[in-house]
Every structure is written in C-alpha cells, then in structure tokens.
Amino acid sequence: MNVEDYLKQLNPAQRAAVEAVKGPVMVIAGAGSGKTRVLTYRIAHLIDYHQVDAFQVLSLTFTNKAAREMKERIARIVGPSEAKNLWMGTFHSVFARILRVESDRLGYPSNFTIYDTEDQAKVINNIIKEQSLDKEIYKPKSVARRISAFKNALITPEEYQRSPELREQDAAARMPLMGEIFAAYNERCFRSGAMDFDDLLLNTYMLLRKFPDVLAKYQDRFRYIMVDEYQDTNHAQYLIVKALANRYGNICVVGDDAQSIYAFRGANIKNILNFQRDYEDVQVFKLEQNYRSSKTIVGAANSLISKNKDQLHKEVWTDNDAGERITIHKTVSDNDEGNYVARMIFEKHMTNHLPYESFAILYRTNAQSRAMEDALRRKNIPYRIYGGLSFYQRKEVKDVLAYFRLTINPKDEEAFRRVVNYPKRGIGDTTLDKLTVVANREGVSIWEACQNPMLLESAGINRPTQTKLQDFVTKIESYRVLTQKGDAFEVAGHIAKSSGLIREFSEDKTPEGVSRYENIEELLNSVKEFTENQKEIEDGNPSLDAFMEDVALITDADKGTEDDKHKVSLMTIHLAKGLEFPVVFIVGLEESLFPSMMSMGSRADLEEERRLFYVALTRAEKEAYLTHAQMRYRWGKLIDCEPSRFLEEIDERYLNILTPDFSPFTGPDTSLPSRRRSAENTARKPRTSLRPSSAPPKNLKRVRPTQESEGNFEALTNVEVGERVKHQRFGMGTVSDLEGSGPNKKAIIEFDNVGEKKLLLKFAKLERVNA
DNA sequence: ATTTTACAAATTTTT
DNA sequence: TTTGTAAAAT
C-alpha cells in the first residue's frame, strides 16, 4: 500500500490528524470514529512518508492486544522488519521494559518481580499482623487503595510524613499509622526485589527525574510519541509522557473525555481537558463521524451523555441507517434476565443467521455473569467470559509460578512464603515468623537470612528445621543453575516435577483436583508454546525470565484467541472498551447496581458511571438491548430493584419499551409461574454442587461435568495415525504419531493452523472428524 | 505442625 | 451463596 492508497481511506479530519506529524497534537475521537485507523496510518505515514526510523516512535496503547494488532496493520504498509522496531504497548509493559534495563540505577535487580494485587494484599496483611494492628480498622483493602493513590500521585513515604494534610486525613479515618505501613510496604517490596503495578510508573518517573542522562537518552530515542486513551492516564503517566516529549515536542494524544472510566484507579480526566493549556500551539482535531453504529444508537448515546457537565464539546453523528430502536426489557429476576437474553440471542442466531460472535453481554460487575452463564448453558449457546478470575490468578497456577518466580528472583518474599511449605516440608508459621523477625532486624530478605546459618541460629530456629530450610534453599539454587542452561520449557518442566507439585496435584482424584491438574498441564503447554515461538523469532528469548515477564503484564483483554469464533462474549463494560459488536445486551440496569451504590454519593462519580453506560451503549453497531430485573440475588439474598435512572435519561424516541404482562399465559419463557420457578431452583442445586468448590475456572477450559467430557469419552483414547481430529483450542488437525500407552497415551498431532502438538489423550478433548 | 470446625464477610470497575 | 480466617483439637 502506498501513501495515496491509505490517505484516500480517510475522511478530512482523520487525514489532517494523520498528516500533522510535528508538534503537540490532540485528537478528540468520538466513539466509533476510526481512532485506531488514524493511529495506525499516522505511524505508517511517519515511517513511510517522513522516513522516520521506527526505533524513534513510541506508541502507548491501552492493551497489549491493541498494540499487537496495530503493529500487524502497520507491518502491512511499511513491512514487518521495520514495524518490529516500534516501541508499542501498554504504559506498564513499555516502562517495565525500560526499568529492566535501567534498574541498577534505582538499586533494583534487573530481574525484579512484578507483584500483582494479590501479592500486594498479602504484603500489607503481613505488615498489619506484624505490627499487631487491628485489621478491622486497618482494612487491608483500604490500605492498599490508599497506598496506590499515594503512588499515583507520586507521593513517597518521606513526602507523606512531611505533609500535615495527608497525616490528618488518615488520623481522621482512625489510621494514624498509615505512613508507617506505607513505608514498611515500600521497604518490603524493595528488599524483595519487587515492584507493584504502581511502582512501574512511579519508578519510571523517579528514574527520569533523578538521572538526567537517562532522561536525555529516552527523550532522544522517542522523537515521536503517541498516547491512546489519553483520558484514562493518571498523574504519573501524564508527567512521564510530558518529560519524554519535552525535547522534541512531537506528541500526539488521542482520546475521548466522554469515555473516561478509570478515575477509580487514578485516571485524571483533566489530563485531556487541559491538554491545550499544558502544551503550546496544540493542533486539535475532532473526529465526529461515527462509522460504527446506527443513527438510533448514536442519538441515544448523545442524549445520555449530554446530561454530564464536564466535557469537551463535540457532536458525534453518523451516516449509517437509523436501525432498530433500543429495546428496554423488564424481567422478574436475574435468572429471568438471563433467560431473556439467551432466548433473544438464540432466536436472532436462528432467524437472522447471525453468528454467535456478533453478540456481547455487558454488565457492571463480574458477579452478574453467573446468571447469564446458566441461561446460555441451558440453551447450549457457546460463550466466552473475559475477565473475572483469570487463568494466571488461579491458585494452582500461581503456586507453580511462585516456584518460577523464586527461581528467577529468590529475594521475592511472597513467592517464598507461598511455596516454602507447599508441598508440605514441615516449615510452618512459627518458623516463618522467626525468619521475618530476623530479616527485619538485619534489613535483608528472608532468602538471604536462610542462607546464613548464624542468622538462623540467632533466630531461635531449631536444628531440624534449619536443615529443612537449607534443603529448600539448595533445591531452589539447583533450579537457578538450570536456568543458565535450559530454555523456559525445560526448566519449567523440571521444576514442576521435582518440586513435588505435579505429584501433589495428580494424587488428588476429586473433580477439582483433576481440573487443577489440567490447569497445570495447560500452563506447561503455554510455556512450551512460548518457548517454541521465541526460538522461531530471530532475536527471541526463550528463557524462563522472558516467559515470566510476558505473564506478569498480560491483561484480560489481551487473551482472546482464534477459538473464540462462534462464541457469545461476556464481559464487564470496562473490559469492553475499544470493542464493538453488532448486537449488545447491557444487563442489570438497576439503581445501586448501575449506577453502583458506591458512586451515588458524588456528582463526579455519578458522571463516571454515566460515561460507563455511554461506553457500553456505543459498543453496539446495530442493536442494543437494555434489561433490568425487579428482584435479584445479592449477598445470597433476594432483594428488590428499581430501574436505573439512566434509562430515563435516554431520549424516548430511540426507545422501544416493552412492558410485558407477567401473567403466566403470555410469553413462553419470559416469566415463570411460581411452581415451575421453584422446581427449577431445586433442580439447580445438585448441578451447582458438582462444580469445583474452588473458584470455577472462568476463562480457559471450563470444567463441564455434564455434556462434553462424558459425551465424547469413548472417542478420546483410541485415535489412530492419519485420522482427522478436532481440538477445542487448536482446531482441526491430523494425527501423525502415537506414543505411550494406557493413561499416558499421547498423540502427536499436526494441526492445520497452529502446527504440531503433542497431547495427552487423557486430557486433550479431541473429537473425531469423519473425512 | 496440621487438620478440623465454626463463623464472619463479601460485590464496583483493573494495569 | 461462597470464601476466607480464627480458634480448637489432634
């Protein structure tokens, strides 16, 4: 594709934004206005037309998936060898990459661990316990939120102590020791060689501020900077971008104030509202033509968002057809809501021949997915849930990962605590407490304390336990040696086996245990896949370090794969940002659910909820359905619900309000007479108890005790060479070889799309395909 | 040190 | 309803 070709595909406003390559540029991009297209072509244009070196372009996106897709599109214009040099990714992943290079400046090891929310909570919990504070007053969650807020505002523990206002705020909240906890938390993370998500930003900022030569280096490298979803940047991100752009001034931010929905994690909508004040001679472009949605949807969304006070003026319009009115439907209960949605999807799928991937069900809270899942499953409608408990957060997966983490960075205290006695080694809480005391006293990590027999002795740990600890240390050390030679897959496989975890899981024959075992297999598969991919790439890195780096910053939105074709998407509205679907169901439009209870206190919060609804509505291309239930299960109790105020805020001419008659004689399934209702409820019980009692697998393989696994059971193990088979995830393939026998029988399968895989037949959910 | 039992708490959204 | 934590028992 040459210059003329891609410029021709743009409308005047888009084209102007693409061609304005110098100086500060702000693009206000209404929903569905072709923002990604502008960003893509702008970068391609820089490289292709202005001969800018791809190494000098930094592009910060909202998800890594978005970055990957954009890179592919750019590659098609400028060629893959050039495109691969682009710096593209989320703030967190790009800055983690920089921090790995520069970590010694800040006193961190370059293989620092990235703590997720769970690790963070555990550290805080430990500190609260050690200082014997009342955790009714110092709620770990609120402490974590508070610390996160400090970091996003770039406040250090020292600055905290110097600020009377902050100290008073916490004293007023009966938490006068907040500053001490904050300091202890930072200290502990530092000693563990670990950064949390906020640290990735904060430390990048500190790095650039304290070391002018580092700043100069990156200023000089990133001569063209682009920031997507600028309305969702926080203060730290704002300052980092500003610092980096300070030399060349070629900064282009793209965003939509109407879609700012991340204030709760520190995003500051003022960043976009004040951009013109912050930079000189800003060129502003407004993309107001919506290419995505029908006139009805655009009109409805406009009428809704006009209720917000804080916004930049813009007029989103569309050339598309008027389309169907938006349906509002009231149901009796949350289960009923699920049935309605499932029935509508089924009907539309059958009568209009819409594939299942055309549908999305969006909700405010993850908890709402349950009712939807039940209903979809009952109708055998395939679906995929995004978010919720992700694969990498599952307990058993984190256990294995903790061994990996400890191998890479033995100072990682949370990983240490997690696995030092798992599988059981006779090292219990008492020992751990003693270790903590001595580590704190000496100002070293627990690991370092374990390496020093003198310290163990002085901690009052008895001889047998000392030996156990030393055995553990030796074991981890041996893994470390292995990482010097082996690739991620070799090391991971060895660790999983020799740590005893595999044995631990395989001994458990309960359905939960089997599911856990499968998840570990799945994890090792993904290590294998990663290793192989890295080996194929020219300068790929197949080490375990690289794998863990990849895993740490994977986001829920990043994980979609090919096998999501033909599936209905279920996700929170937050996760739906940036996506679009022909038909969208927004469920649970009830007061104190959406808008959420927490947001009803202040106008600013309420406006954010309204923007959230705006985002939800504008995901729809052709049709939108809004549902609300009269009753809903919450906290295990049935509660009454009022329709959301947002429903009244949409201009009526776009609406089609169904006021269904709830007598048992009308609609076939919409409302259920009480007898059937209770019968259904009792019928539900046994199935629910069949579910793994641990958190049900939300993302990858969901264990479905009923249909699938039993249905094809005979077909699983007796495949033969040359046969055509179908795998849930990998698609179609041909069996090329068999290995092992009995329960360990494996098949080597050449898949049409993903190449050769070796699968344990016991677990691979294969289907025979008749040629 | 580990297992069992009982009881409380939880639901906003995520990198 | 489910999940996690604290106390009590082995």
Side-chain angles (χ1 to χ4, degrees), chain A residues 60-64 89-96 114-118 120-122 125 129 135-136 139-141 144-145 148 151-152 195-201 229 232-234 236-237 260-267 334 362-371 386-390 393 395 421-433 462 464-465 468 552-558 571-577 588 592-600 605 608-609 611-613 615-616 632-639 681 684-685 688-689 691-696:
Chain A
L60 298 164
T61 57
F62 197 66
T63 63
N64 289 309
T90 60
F91 274 91
H92 294 268
S93 63
V94 168
F95 295 151
I114 297 172
Y115 273 0
D116 67 10
T117 320
E118 194 189 329
Q120 194 180 6
K122 284 188 169 165
N125 249 319
K129 240 183 244 164
K135 73 178 177 87
E136 291 307 308
K139 292 212 171 77
K141 264 194 188 162
R145 253 200 308 272
S148 174
K151 291 190 177 178
N152 284 326
M195 298 192 197
D196 64 23
F197 290 133
D198 301 317
D199 286 331
L200 293 175
L201 304 178
E229 307 284 7
D232 286 325
T233 52
N234 65 29
Q237 293 167 323
S260 159
I261 55 175
Y262 279 100
F264 71 91
R265 73 172 200 220
D334 46 0
L362 308 181
Y363 34 78
R364 179 67 240 267
T365 67
N366 280 308
Q368 290 167 261
S369 71
R370 172 62 74 74
Y386 293 76
L389 236 206
S390 83
Q393 290 169 326
K395 184 187 169 298
N421 200 28
Y422 188 71
K424 299 250 178 320
R425 270 180 263 274
I427 303 169
D429 289 344
T430 332
T431 310
L432 228 35
D433 287 347
N462 60 36
T465 314
K468 288 177 201 158
L553 293 169
I554 270 185
T555 67
D556 289 313
D558 290 336
M571 65 187 92
T572 63
I573 301 167
H574 283 90
L575 274 180
K577 186 159 81 159
S592 80
L593 181 59
F594 195 10
S596 108
M597 181 96 79
M598 324 294 281
S599 72
M600 300 202 298
D605 287 352
E608 173 146 323
E609 293 283 303
R611 291 193 296 267
L612 193 57
F613 187 32
V615 168
R632 168 180 305 278
Y633 272 101
R634 281 233 258 173
W635 315 288
K637 283 203 165 55
L638 208 52
I639 56 159
N681 277 342
R684 268 170 50 110
K685 267 209 176 120
T688 316
S689 64
R691 257 196 207 169
S693 68
S694 61

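In what follows, chains are A, B, ... by sequence order, proteins preceding strands, each numbered from 1.
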Next item on the list: Between B:dT13, B:dT3, B:dT15, spot the one nearest the side chain of A:Phe264, thanks.
Entry: B:dT13
Checklist line | N or O in side chain of A:Thr572 less than 4.0 angstrom from B:dT14 OP1/OP2 | finding: yes
Margin query: If I pick the C1' atom on B:dT12 and the same atom on C:dT5, what distance separates them, to the nearest angstrom?
Written below: 24 Å
Note to self: What contact category does A:Lys424 fall into here, base, sugar-phosphate, or nothing, at under 4.0 angstrom with non-hydrogen atoms?
What the structure shows: sugar-phosphate
Checklist line | Secondary structure of DNA chain B in dot-bracket form (Watson-Crick or G-U wobble, distances below 3.5 Å, | marking inter-strand pairs) | finding: ||||||||||.....
Notebook entry, point to check: Taking only side-chain nitrogens and oxygens of A:Thr431, does any of them come within less than 4.0 Å of OP1 or OP2 of B:dA1?
Noted result: yes
Note to self: Once you apply a heavy-atom cut-off of 4.0 Å, does A:Ser599 come out as touching a base, just sugar-phosphate, or nothing?
What the structure shows: nothing
Check: Any idea which heavy atoms bring A:Leu612 and A:Arg364 closest together, and the distance?
Finding: CD2-NE, 3.4 Å
Notebook entry, point to check: Are any of A:Asn421's side-chain N or O atoms less than 4.0 Å away from OP1 or OP2 of B:dT2?
Noted result: yes
Next item on the list: Could you tell me the separation between the NE2 atom of A:His574 and the C1' atom of B:dT11, rounded to a whole number of Å?
Entry: 14 Å
Check: Distance check: side-chain N/O of A:Lys141 vs OP1/OP2 of B:dA10, anything under 4.0 Å?
Finding: no
Item checked: Side-chain N,O (A:Asn366) to OP1/OP2 (B:dT14) below 4.0 Å -> yes
